[in-house]
> 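Below are the structure tokens for one structure; questions will follow.
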Amino acid sequence: MVITGMAVLTALGSDLKSFWHSLCDGRSGIGPIDLFDTSDYKTRFGGQIKDFDSTPIIDARDQKRLDRFAKFAVVAAAHAVDDSGIDFGAENPSRAGVIIGTGVGGLWEIEDAHKKLARGPDRLSPIMIPRMMANSAPGELSKRYGIQGPTWAVSTACASASNAIGDAFRAIQRGDVDIMLTGGSEAAITPLSLGGFSAMRALSQRNDTPTEASRPFSRDRDGFVLSEGAGIVILEEYEHARARDAKIYAEILGFGSTSDAYHTVKPDPEGRGAANAMRTALFDAGVTPGHIDYVNAHGTSTPPGDLAETVALKSVYKERATDGLSISSTKSQLGHLLGASGGVETVVTVLSLYYGVLPPTINLNDPDPECNLDYVPHTAREIPARYAMSNSFGFGGHNATMVLCALDGIPRRYAQQAA
Amino acid sequence: MDAAKGDTEDRAVANIQERVIEIIAEQMGVSKDQVSSETSFVNDLGADSLDQVELVMELEEEFDITIPDEQAEHIQTVGQAVKYIEEHSS
């Protein structure tokens, strides 16, 4: 199963090439939030997409039918479809599907509608429900591209996009479909969400130095940075991709999904659920920890999260953890896109394999003594990485891990079969 | 009816029609010159049931009136909307 198209919408850029260069240059996309007045908030910065313009892709009528998060999904999907060169009109519509992850769905719509409710229930728009539904993004994409196979939304908080891609991977693996449009989308820099995450004490409060606020694995990390955007990929069955002579970025080899069964939002400090997700994904991929060159960590910059992930990495990778394994958290530059993060980070992991460059963890000036692995600090690293892992963990104890593989002409699995 | 009063009324109607056209063009994502008094929401602009409810609500908001559902069903064109507003706005 291969990835043949990709797109991101992030605070650090939405053109794949410039996004990749900014990431490898160690730039930060974090800045002040101006979507609404944040003066009463403890945290007033985030990874906001400035000057988002969906008008070339979404017409005036559909502008009114879609929440900001669904617009992100539609715009990113359009770029990913362009990138893949797929013409859905020429494909069997029931052999294609759409699975999109989102942590909260149409939160802007919910908040706007609630203001209208104060003036009476008769003031609510008939388009409120379709705009707020978490499944509005896959529904809209299915309609746009005439995709008639399996379509649904996945919601596992910050693991949503990874679980979506995992589901899409399985759908192709089972033989249900040949092509999946998948990933995640989130537009949750809203008054409620910013206030709610602040109330949890989950967000960094470094208002004076926003670009240095997301500092995964640092001793003085003080929470994550709230971001928005989308990461969408086209997954395709290999023979199908080859038949149309598609550009192939990388292969997805395996996926693992587990749960902590521990606490409402806190990760298991032993990282057992996370470790099990990594082991399951490695087993599914048919590779050992010794094969993996790079891990794109979940690494949100919260005190308990980064430590639990480090503990889990050590328990899975053992001696490999300190011998040849490069780990980085690109949330240090991008902030945390919640339910879209796994989509963007899948793109990042694929590009790492594709270009042989690992993006750094920035702001790691003073590492937590308990987080003592190789997090690729400050500067990107050129390595001809062959196997990589991407981790996503969500509030609620959801863990999702993917294992990907670079290509030398043809995917490793098919090379083995041929030999 | 003296001439001056008739003029004022005509201007008032023209003004209502202009505002209605503006709302409908905005709502349906079309340019204002595509909308005239005869334009039908469903047949000419492709409005679906959600659009129709939304349009009526926008008109209620703009003209500070209440359009009961059974009346709203009969408002299918720009002209019908203008007529209803004329008769019911204070």
Side-chain angles (χ1 to χ4, degrees), chain A residues 52-75 77-78 105-106 108-146 148 151 153, chain B residues 17-78 80-81 84-85 87-90:
Chain A
F52 173 62
D53 180 14
S54 57
T55 51
I57 291 161
I58 301 172
D59 68 24
R61 186 160 169 233
D62 282 344
Q63 290 288 346
K64 292 181 173 292
R65 295 231 158 164
L66 300 170
D67 183 86
R68 183 171 170 93
F69 101 96
K71 289 178 189 174
F72 285 169
V74 167
V75 169
W108 276 110
E109 178 57 27
I110 292 172
E111 296 187 28
D112 289 346
H114 198 258
K115 283 179 213 146
K116 290 185 187 162
L117 183 62
R119 296 169 53 210
D122 289 346
R123 299 324 302 166
L124 293 172
S125 163
I127 307 172
M128 177 198 80
I129 299 289
R131 272 193 295 243
M132 62 165 260
M133 300 189 307
N135 58 314
S136 59
E140 175 66 19
L141 289 171
S142 134
K143 181 164 70 75
R144 273 177 185 258
Y145 294 105
Q148 293 172 11
T151 67
Chain B
Q17 174 152 326
E18 208 169 287
R19 283 156 71 194
V20 168
I21 286 176
E22 203 159 299
I23 287 168
I24 285 159
E26 158 82 17
Q27 185 65 34
M28 297 305 298
V30 295
S31 78
K32 278 190 278 184
D33 32 315
Q34 283 173 263
V35 187
S36 71
S37 168
E38 287 76 42
T39 301
S40 154
F41 306 144
V42 176
N43 299 332
D44 298 321
L45 300 176
D48 62 19
S49 57
L50 297 176
D51 288 318
Q52 287 178 278
V53 178
E54 185 94 337
L55 272 176
V56 166
M57 288 182 64
E58 292 284 334
L59 296 174
E60 287 180 324
E61 195 84 354
E62 172 73 17
F63 295 98
D64 197 19
I65 52 172
T66 304
I67 308 177
D69 286 352
E70 58 276 14
Q71 295 296 316
E73 283 169 28
H74 302 298
I75 301 176
Q76 296 291 335
T77 66
V78 172
Q80 286 164 356
Y84 185 92
I85 293 159
E87 288 168 4
H88 292 86
S89 57
S90 45

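A quick note: this is a predicted structure, and the numbers were derived from the prediction, not measured.
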> Does any backbone or side-chain atom of B:Gln27 lie under 4.5 Å from a heavy atom of chain A? Answer side chain, backbone, both or neither.
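B:Gln27 touches chain A through backbone and side-chain heavy atoms alike.
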> Check whether any side-chain heavy atom of B:Met57 sits under 4.5 Å from a side-chain heavy atom of A:Pro126, and report yes or no.
yes
> Which region of A:Ile129, side chain (C-beta onward) or backbone (N, CA, C, O), has a non-hydrogen atom less than 4.5 Å from a non-hydrogen atom of chain B, or is it both or neither?
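Contact with chain B involves no heavy atom of A:Ile129 at all.
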> Side chain, backbone, both or neither: which part of B:Asp69 has an atom under 4.5 Å from a heavy atom of chain A?
neither
> Using non-hydrogen atoms and a 4.5 Å limit, figure out which bit of A:Asp122 sits close to chain B: side chain, backbone, both or neither.
backbone
> Can you name the closest pair of heavy atoms from A:Ala60 and B:Gly29 and give their distance?
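Scanning both residues, the minimum pair turns out to be CB-CA, 3.4 Å.
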> Show your working on side-chain contact (heavy atoms from CB on, under 4.5 Å) between A:Arg119 and B:Glu61 and close with a plain yes or no.
CA-CA 12 Å; A:Arg119 296 169 53 210; B:Glu61 195 84 354; 2.9 Å; yes
> Give, as side chain, backbone, both or neither, the part of B:Glu58 having an atom under 4.5 angstrom from any heavy atom of chain A.
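Interface part for B:Glu58: neither.
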> Calculate, to the nearest 0.5 Å, the distance between atoms CD and CE belonging to B:Glu54 and A:Met128 respectively.
11.5 Å
> Nearest 0.5 Å, what's the CZ-CG distance between A:Arg61 and B:Asp48?
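Spacing of CZ (A:Arg61) from CG (B:Asp48) equals 5.0 Å.
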> Highest number of heavy-atom pairs under 4.5 Å with chain A: which of B:Val30, B:Thr66, B:Asp51, B:Val53?
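Greatest number of close heavy-atom pairs with chain A: B:Asp51.
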> For A:Arg65, which atoms come within 4.5 Å of any heavy atom of chain B: side chain, backbone, both, or neither?
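Answer is side chain: those atoms of A:Arg65 sit under 4.5 Å from chain B.
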